[in-house]
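Here is the structure we will look at.
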Amino acid sequence: MRLLTWNINSLRLRLPLLARLVDEEHPDVVCLQETKVPDPLFPLDAVRKLGFPHVHFAGMKGYNGVAILSRLPFTPLADFPDWCARKDCRHIGVVFTLPDGPVTLHDFYVPAGGDIPDRELNDKFAHKLDFLDEATRWFTATPPARSILVGDLNIAPLEQDVWSHRQLLNVVSHTPPEVERLNAWMKTGFVDVMRRAVPPDEKLYTWWSYRNRDWRASDRGRRLDHIWMTPDLVPAFRSMRVLKDARDWDGPSDHVPVIADLAF
DNA sequence: ATGGTAGATGCTCTA
């Protein structure tokens, strides 16, 4: 199975880029974040024509939105929390029935958290921390097995996940309270397989701001997008690639796709 | 220390 995750930053605007991505990489399953499309306007026919008969999505007007596109059939996950009681379309999940057993796939879009890393001064930062705590509580109460969790988690946890650890220590996405919470969530039962593929002492980014004149030259990136797997699935993990060149496509997202190849 | 860009929306928010 070739699994791909991408914060597409508007599905409707970047349908041509999605078509190019599918044509070049042939993913079996695509997890999208920031689709920015309300469910009644979801481009279902266009997505089916790309070769994905099985589609699950949750979107809203203007912001957020997640979608899972698949060549393989699945069952959508039900009975998940309405995270922070906001109904804000940041998570969906599905279960694939494979020959060796079921595999659960989660697609998350964690709140970005605004600019000020202080929960007293910034409601968005408080929301981000609360979301992480709630996710940690949920996965602690319901330990994951045969599960994959992907998405834009909006946190770069390791020193080499940002262009300058020192300069970003107090910048939302790399602050200690966020990193502690992301690690606590992961420790409910997941392995960071991107860092199995690329050693932790090597730089690894998936996002470069739009606000740089030359993103490649300045290379002020962050690893905000993640692929986690439970230990029982890690033996099936084969390889991972960050499609950095997609940042130079015509009208790019500020995030690039990440691919994982799995032996099932 | 500051401001830089992008998308959806509709006279501004989120990232």
Side-chain angles (χ1 to χ4, degrees), chain A residues 5-21 31-43 46 57-67 83-91 107-119 121-132 150-157 161-164 166-175 177-179 181-182 205-226 244-258:
Chain A
T5 181
W6 189 23
N7 178 322
I8 194 170
N9 189 16
S10 174
L11 172 57
R12 285 174 292 176
L13 188 68
R14 278 183 250 285
L15 265 171
L17 294 191
L18 179 62
R20 173 177 177 176
L21 179 62
C31 295
L32 300 174
Q33 304 87 36
E34 281 207 273
T35 55
K36 293 185 175 177
V37 55
D39 289 347
L41 300 179
F42 191 92
F57 52 87
M60 60 192 286
K61 188 172 170 180
Y63 317 108
N64 308 336
V66 285
W83 303 105
C84 299
R86 288 177 181 242
K87 302 196 186 310
D88 58 0
C89 303
R90 294 181 178 277
H91 170 231
D107 181 9
F108 271 97
Y109 175 53
V110 170
D115 290 330
I116 304 167
D118 183 327
R119 70 151 65 236
L121 301 176
N122 174 7
D123 288 343
K124 292 201 265 290
F125 194 69
H127 177 214
K128 184 178 197 173
L129 299 184
D130 291 346
F131 188 104
L132 296 163
V150 306
D152 176 6
L153 305 185
N154 263 317
I155 297 170
D161 290 339
V162 294
W163 62 276
S164 168
R166 187 178 61 82
Q167 287 182 256
L168 290 178
L169 256 178
N170 200 35
V171 172
V172 174
S173 74
H174 193 60
T175 67
E178 294 168 85
V179 171
R181 283 169 173 82
L182 191 73
Y205 312 141
T206 65
W207 172 90
W208 291 262
S209 172
Y210 285 125
R211 301 179 192 180
N212 279 316
R213 282 177 194 85
D214 186 335
W215 70 273
R216 198 185 283 273
S218 56
D219 201 23
R220 294 185 167 192
R222 306 178 200 172
R223 184 170 72 111
L224 303 180
D225 302 275
H226 296 267
K244 184 174 178 177
D245 288 345
R247 188 62 180 76
D248 267 339
W249 288 355
D250 190 25
S253 170
D254 46 355
H255 296 252
V256 298
V258 183

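Bear in mind the structure is a predicted one, so any value in this text is a computation, not a measurement.
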Can any side-chain N or O of A:Asn154 pair as donor or acceptor with the backbone N or O of A:Val110 at less than 3.5 Å?
yes
On DNA chain B, check which nucleotide each of A:Pro111 and A:Gly251 is closest to and give me the residue with the more 5' one.
A:Gly251
For A:Leu41 and for A:Asn7, find the nucleotide of DNA chain B with the closest heavy atom, then tell me which residue's nucleotide is more 5'.
A:Leu41
Need one value for A:Arg90: base, sugar-phosphate or nothing, where a base atom within 4.0 Å counts as base even if backbone is also close, heavy atoms only.
sugar-phosphate
Give me the distance, rounded to whole Å, that separates B:dT5 from B:dA1 when you measure between the P atoms they each carry.
22 Å
A:Asp115 atom CG, over 12 foreign heavy atoms within 6.0 Å:
no
In chain order, what residues pass the salt bridge (Lys or Arg N to Asp or Glu O under 4.0 Å) check against A:Asp248, with sequence neighbours excluded?
A:Arg216
So do A:Asp152 and A:Arg90 actually touch side chain to side chain, heavy atoms under 4.5 Å?
no
Describe, in one word, how the ring planes of A:Trp83 and A:Phe131 are oriented to each other, choosing from parallel (under 30°), tilted (30 to 60°) and perpendicular (over 60°).
tilted
Mind checking if A:Arg220 touches a base, just sugar-phosphate, or nothing, with heavy atoms under 4.0 Å?
nothing
How far does the P atom of B:dA15 sit from the matching atom of B:dT9, given to the nearest Å?
15 Å
Same-atom distance (C1') from B:dT14 to B:dG10, integer angstrom
15 Å
Option passing side-chain contact (heavy atoms from CB on, under 4.5 Å) with A:Thr35 (candidates A:Asn7, A:Leu11, A:Asn9):
A:Leu11
Contacted region of DNA chain B by chain A, from 5' end to 3' end of the hits, cut-off under 4.0 Å to heavy atoms, spans B:dG4 to B:dA15
